[in-house]
Amino acid sequence: MSVTKVKTIAGITIPDSTIANHATELLLEHGTEFIYNHSLRVFIFSSLNGGRKQLKYDPELLYVSSIFHDLGLTPHYSSADKRFEVDGANAARDFLTSYGLPKDQLQLVWDTIALHTTIGIAEYKEPEVALMYSGVGLDVMGEGYENLSDANREEIITAFPRNDFKKKIIPTFFGGFEHKTETTFGNIKADVCAYMIPNFHRKNFCDCILHSPWKE
């Protein structure tokens, strides 16, 4: 897959460092055009939210997090038994470790990716984590859509088209963890399994309590 490189979209500069470019190459190699466009939109939406809220954040770390946030759905990075968010976070940490980044930055990127679907927690963490969560929420569920100007929205989706996103994103999610549906226990991706699998039986937290080996 090859794409035309853009430098600035909706007033947001796309990072052009060695780390950023290498991360993009990995996404182009192992991902799909659909995931690529989604990931770039997430970065721009996250950055716009950061500017609107006047938050200080590291654009390069936010970009790398955006690039890797769904790579755990791809065969190259998917594990047999971990949540796809953790697979993506582990891949990003390994990638950045090769560039000698300090542990606090590695942990920040790991958290940003691992928590990007964790409602009720991610939005209260560091700016990069909160912004990634907001960018994903805007692109996937339209959260904060009203804060996006018509001009910015059109520029963004022209550069990185949605291409029937609403119909394709749920099967794309499911394709990344249909071999390990148990990893969706306790998180919103169980809804994806319920949508895609007839009569899907969710693991139930109350059953875990009541059927535990404790006598009382």
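The structure displayed is predicted, hence computed values, not measured ones.
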Could you see if [X] belongs to whatever hydrophobic cluster contains [Y]? Use Ile, Leu, Val, Met, Phe, Trp, Tyr and a side-chain cutoff under 4.5 Å.
X	Y	answer
Val64	Leu40	yes
Ile67	Tyr99	yes
Tyr57	Tyr133	no
Leu101	Phe95	yes
Leu96	Val86	no

Using the six-membered ring of Phe34, assess whether NZ or CZ of Arg162 lies under 6.0 Å from its centre and within 45 degrees of the ring axis.
->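 No - Arg162 does not lie over the ring of Phe34 by the 6.0 Å and 45° rule.
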Looking at [atom1] of [X] and [atom2] of [Y], how far apart are the two atoms once the value is rounded to the nearest 0.5 Å?
X	Y	atom1	atom2	result
Leu27	Phe68	CG	CZ	8.5 Å
Asn90	Glu85	CG	CD	11.5 Å
Glu123	Ser134	CD	OG	10.0 Å
Phe177	Ser79	CZ	OG	12.5 Å

Hey, mind stepping through Cys208 and Phe185 against side chain to side chain contact (heavy atoms under 4.5 Å, CB included) and telling me if it holds?
-> CA-CA 11 Å; Cys208 292; Phe185 172 53; 4.1 Å; yes
Given the rule in the salt bridge (Lys or Arg N to Asp or Glu O under 4.0 Å) test, do Lys180 and Asp81 qualify, once you have shown the distances and angles that lead to the verdict?
-> CA-CA 6 Å; Lys180 50 178 180 179; Asp81 58 356; over 6 Å; no
Please walk me through it: do Phe174 and Tyr195 pass ring pair (Phe, Tyr, Trp, His ring centres under 6.0 Å)?
-> CA-CA 9 Å; Phe174 184 65; Tyr195 181 85; 9.6 Å; no
Partner residues of Asp191 under the salt bridge (charged side-chain N to carboxylate O under 4.0 Å, His left out) criterion, sequence neighbours left out =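 Applying salt bridge (charged side-chain N to carboxylate O under 4.0 Å, His left out) to Asp191 gives Arg202.
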Please check this pair: side chain of [X] against backbone of [Y], looking for a donor-acceptor N/O pair closer than 3.5 Å.
X	Y	value
Ser78	Pro75	no
Arg41	Phe160	yes
Ser17	Ala20	yes
Asn187	Thr183	yes

Are Lys82 and Asp87 ion-paired here, with the side-chain N under 4.0 Å from a carboxylate O?
->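 Salt bridge: no.
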Minimum heavy-atom separation for [X] to [Y], with atom names?
X	Y	answer
Val42	Met132	CG1-SD, 3.6 Å
Glu154	Thr158	O-OG1, 2.6 Å
Tyr77	Leu71	CB-O, 3.3 Å
Pro171	Lys167	CD-O, 3.3 Å
Pro15	Glu60	CG-CA, 4.3 Å
Glu128	Asp58	OE2-N, 2.8 Å

Given Val192, which of Ile197, Ile170, Thr181, Ile169 fulfils the side chain to side chain contact (heavy atoms under 4.5 Å, CB included) condition?
->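 Only one of Ile197, Ile170, Thr181, Ile169 forms a side chain to side chain contact (heavy atoms under 4.5 Å, CB included) with Val192, namely Ile170.
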Mark yes when over 12 heavy atoms from residues, nucleotides or ligands other than Phe200 sit less than 6.0 Å from its CZ; otherwise mark no.
->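 Counting other residues, nucleotides and ligands, CZ of Phe200 exceeds 12 neighbours.
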Should the heavy atoms of other residues, nucleotides or ligands under 6.0 Å from CD of Gln54 be counted, would the total exceed 12?
->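 Open: at most 12 neighbouring heavy atoms sit under 6.0 Å from CD of Gln54.
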Taking atom types as modelled, is there a side-chain donor on [X] or [Y] under 3.5 Å from an acceptor on the other?
X	Y	answer
Thr112	His69	no
Asn147	Asn49	no
Gln107	Asp111	yes

Do the non-hydrogen side-chain atoms of [X] and [Y] ever get within less than 4.5 Å of each other?
X	Y	value
Val129	Glu126	yes
Leu115	Lys125	yes
Asp139	Phe165	yes
Ile156	Leu48	yes
Leu62	Ser47	yes
Ile14	Thr8	no

Worked check of side chain to side chain contact (heavy atoms under 4.5 Å, CB included) between Glu25 and Leu28 = CA-CA 5 Å; Glu25 290 170 2; Leu28 293 173; 5.5 Å; no
Could you walk me through whether Ile12 and Phe43 pass side chain to side chain contact (heavy atoms under 4.5 Å, CB included), step by step?
-> CA-CA 9 Å; Ile12 300 301; Phe43 170 71; 3.7 Å; yes
How far apart are the C-alpha atoms of Thr117 and Arg83, what are their side-chain angles, what is the distance that settles it, and do they pass the side chain to side chain contact (heavy atoms under 4.5 Å, CB included) test?
-> CA-CA 11 Å; Thr117 63; Arg83 286 179 56 162; 3.4 Å; yes
Should the ring pair Phe84 and His116 be called parallel, tilted or perpendicular, given that the plane angle runs from 0 to 90° and is split at 30 and 60?
->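 Phe84 vs His116 ring planes: perpendicular.
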